[in-house]
Amino acid sequence: MRLSRYFLPLLRDDPKEAEIASHRLMLRAGLIRQASAGIYSWLPLGFRVLRKIEDIVREEQDRAGALELLMPTIQPAELWQESGRYEVYGKEMLRISDRHERAMLYGPTNEELITAIFRDAVKSYKDLPRILYHIQWKFRDEIRPRFGVMRGREFLMKDSYSFDLTVEDARKSYNRMFVSYLRTFARMGLKSVPMVAETGVIGGNLSHEFIILADTGESEVYCHRDLIQLEPPGADIDYQGDLAPVIEAFTGKYAATSEKHDAESFAREVPAKDRVTARGIEVGHIFFFGTKYSEAMGCKVQGPGGDLVTVQMGSYGIGVSRLVGAIIEASHDDAGIIWPQSVAPFDVGLINVKAGDAATDAACESLYGKLETAGLSVLYDDRDDRAGAKFAAMDLIGLPWQIIVGPKGVASGEIELKERATGARHSLTVESALNRLLQSSREASKEAA
RNA sequence: CGGGGCAUAGCGCAGUCUGGUAGCGCACCUGCUUUGGGAGCAGGGGGUCGCAAGUUCGAAUCUUGCUGCCCCGACCA
């Protein structure tokens, strides 16, 4: 993509409404614009990141055996009256009525809808277990939206729902999602720590929050140091096999958010040197709630003995749009965003230091073609602007690699490769720079595999 | 919902107290000079001063009502 033809409105100054780093940087780097409190438009660069995150979530859901579908944003109120949550949910639910004065709502979550779909379609235990998911916009009319996309009112969420015949089977589904979450966040360059959590309005008695550690995180978290060092399972993990050992490894040691934190247990269970107190951001939340909805909504199947069995359910959420902010919170510096390669909107930024200089232009054009041909996505700054402004812009938007091409280098047959995360620069030939980038790209996809 | 603050050009702000032709920096356009870490000079474009009513010869400025946004708290993927 040539920057001269792209839509990338950058801001030099911080908009005054943005308090935290991710919100500031998302506005400044031209990722989002606010439409209303807690409601955002995604500009081209931000949308590319959102898509990348969505893709990783989708791949890991599919790998775990979950099936993608798509439910609507608008739901009829009757379903929520069936479960009893129409009254419980309160003002957080955006209630609307259509032209026939029929009560509708903009879905804050989808337990009712998916339960109705499953109930109407499945009658036999032979069709269990199943995990269904979708990635869809939700709306929760937060009392006070803040922190940009981290606590928006409209947000993109992946939510999965599991259906099982027995509690034991349901626990296996829960474990599958648990493992899939570990992999999902790790692939985005995040250290996630599962923590025992409150179940809140979703209900149930088993629940984990997936917290990523970031200095500017919203909640205080406490855990054993070992949990942070744990490596997530590889892509070869057998989701049909016994996942219990993995779950034990990740849940066997102390980890709690401030709501569940117990200072005495923390002190007793964790040696002082291993006690980690940090800030965290919740990026995923999984629940097992048994028959809460299936009971209320009559979701039953016939078991092997011919008897009717109420289905055991769980639900599993990932805040996709929140992750964009969370990743930035975990990965930025004074100059701007530092995208992990797996979610970067482009793999590499190509800077033409002297646009208009024939030799430099030609070198950039040639390199641009080679990079694209090699399968790398490139944002080529071909604008007629000063070098300093281009460097600042490229640092701000945070692509993992920058290739800097100027007249001096062109004359000596070398270009400069800069790694955004470390700031390290190397003068290289075009060929070795290409190799270096391709190698880094291969390593990134190996992590995914 | 309680408390506080803000609303003037795309972004950041001054002007409001004390009413009298709407300003500054950045960004944007044109020209010249510059050219490896957010250049300089000159010229220029862009505003119904959040909305509505009122007071007044005259309102960004005073009064009243409304709306939006931000911060703190309670609430939360």
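Numbers restart at 1 for each chain; the letters A, B, ... are given by sequence-line order, proteins then strands.
Nucleotides B:A14 and B:C57 have their P atoms positioned 32 Å apart, rounded to a whole Å. Spacing between B:A74 and B:G65 at atom C1', rounded to whole Å, works out to 29 Å. Between the C1' atoms of B:U8 and B:G25, the separation comes to 15 Å (whole Å). On the P atoms, B:A52 is 23 Å away from B:G46, given to the nearest whole Å. Between the C1' atoms of B:G20 and B:G58, the separation comes to 7 Å (whole Å). Only the C1' atoms considered, B:A9 is 15 Å distant from B:G50, to the nearest whole Å. B:G68 sits 16 Å from B:C49 when the C1' atoms are compared, rounded to a whole Å. Comparing the C1' positions of B:C72 and B:U63 gives an interatomic distance of 30 Å, to the nearest angstrom.
Both the sub-6.0 Å distance and the 45° axial angle are satisfied by A:Arg48 relative to the ring of A:Phe346. Both the sub-6.0 Å distance and the 45° axial angle are not jointly satisfied by A:Arg176 relative to the ring of A:Tyr316.
Taking a pair to require two hydrogen-bonding distances under 3.5 Å in either a Watson-Crick or a G-U wobble arrangement, B:G2 pairs with B:C72. With a cut-off of 3.5 Å on both Watson-Crick or G-U wobble distances, the partner of B:A22 is given as none. The base-pairing partner of B:A42, taking Watson-Crick or G-U wobble contacts with both distances under 3.5 Å, is B:U30. Partner assigned to B:G37 is none, using Watson-Crick or G-U wobble distances below 3.5 angstrom. Shown here, B:G65 forms a base pair with B:C51; the pair counts as Watson-Crick or G-U wobble because both key distances fall under 3.5 Å.
Take the nearest nucleotide of RNA chain B for A:Pro15 and for A:Ile404: the residue whose nucleotide is more 5' is A:Pro15. Residues A:Ser321 and A:Ala335 each lie close to RNA chain B; by heavy-atom proximity, the contact nearer the 5' end of the strand is made by A:Ala335.
A:His285 and A:Ser207 form a side-chain donor-acceptor contact under 3.5 Å, judged by distance and modelled atom types alone. Side-chain atoms of A:Thr109 and A:Glu111 include a donor-acceptor pair closer than 3.5 Å.
A:Arg144 places its CZ atom 12 Å from the C1' atom of B:C69, with the value rounded to the nearest Å. Protein atom CG of A:Asp384 is 13 Å distant from nucleotide atom P of B:G36, rounded to whole Å. Look at CG on A:Leu8: it is 16 Å from P on B:A27, rounded to the nearest Å.
At B:C69, one or more side-chain N or O atoms of A:Ser36 fall inside 4.0 Å of OP1 or OP2 (strictly under the cut-off). Between A:Arg386 and the phosphate of B:G38, there is no side-chain N or O to OP1/OP2 separation shorter than 4.0 Å. OP1 and OP2 of B:C70 both lie 4.0 Å or more from every side-chain N or O belonging to A:Arg146. Between A:Gln34 and the phosphate of B:C70, there is a side-chain N or O to OP1/OP2 separation shorter than 4.0 Å. For A:Lys16 and B:C11, the shortest distance from a side-chain N or O to OP1 or OP2 is not below 4.0 Å. In this structure, A:Arg12 does not reach the B:C26 phosphate: none of its side-chain N or O atoms is under 4.0 Å from OP1 or OP2.
Side-chain N/O atoms of A:Arg28 and base N/O atoms of B:G38 include a donor-acceptor pair closer than 3.5 Å. Under 3.5 Å, the side chain of A:Asp395 and the base of B:G37 form at least one donor-acceptor pair of N or O atoms.
At a threshold of 4.0 angstrom between heavy atoms, the contacts of A:Lys158 with the nucleic acid are absent. Residue contacts shown for A:Leu27 are absent, as no nucleic acid heavy atom lies under 4.0 Å away. Backbone-only engagement by A:Lys91 is indicated by non-hydrogen atom pairs under 4.0 Å involving sugar-phosphate atoms exclusively. Note on A:Gly406: a base of the nucleic acid sits closer than 4.0 angstrom, heavy atoms only. Within 4.0 Å (heavy atoms only), A:Gly30 reaches no atom of the nucleic acid at all. Counting non-hydrogen atoms under 4.0 angstrom, A:Ala389 reaches a base of the nucleic acid. Among the heavy atoms of the strands lying under 4.0 Å from A:Glu19 are primed sugar atoms or P, OP1, OP2 only; no base atom is included.
Atom CD of A:Glu264 sits in a sparse spot, with 12 or fewer heavy atoms from other residues, nucleotides or ligands closer than 6.0 Å.
Distance from the side chain of A:Glu17 is smallest for B:G12 among the nucleotides B:G12, B:G36, B:C11. Distance from the side chain of A:Lys354 is smallest to B:U35 among B:G36, B:U35, B:G25. Minimum atom distance to the side chain of A:Ala37 is reached by B:C70, of the listed B:C71, B:C70, B:C11.
Proximity of the aromatic rings of A:Phe288 and A:Tyr174 is defined here by a centroid distance below 6.0 angstrom, and this criterion is not met.
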Go through the steps for A:Glu60 and A:Arg187 under the test salt bridge (Lys or Arg N to Asp or Glu O under 4.0 Å), then give the verdict.
CA-CA 10 Å; A:Glu60 293 301 328; A:Arg187 280 186 58 187; 2.8 Å; yes

Steps toward salt bridge (Lys or Arg N to Asp or Glu O under 4.0 Å) verdict (A:Glu365, A:Arg2)
CA-CA 10 Å; A:Glu365 287 296 332; A:Arg2 288 166 200 276; 2.8 Å; yes

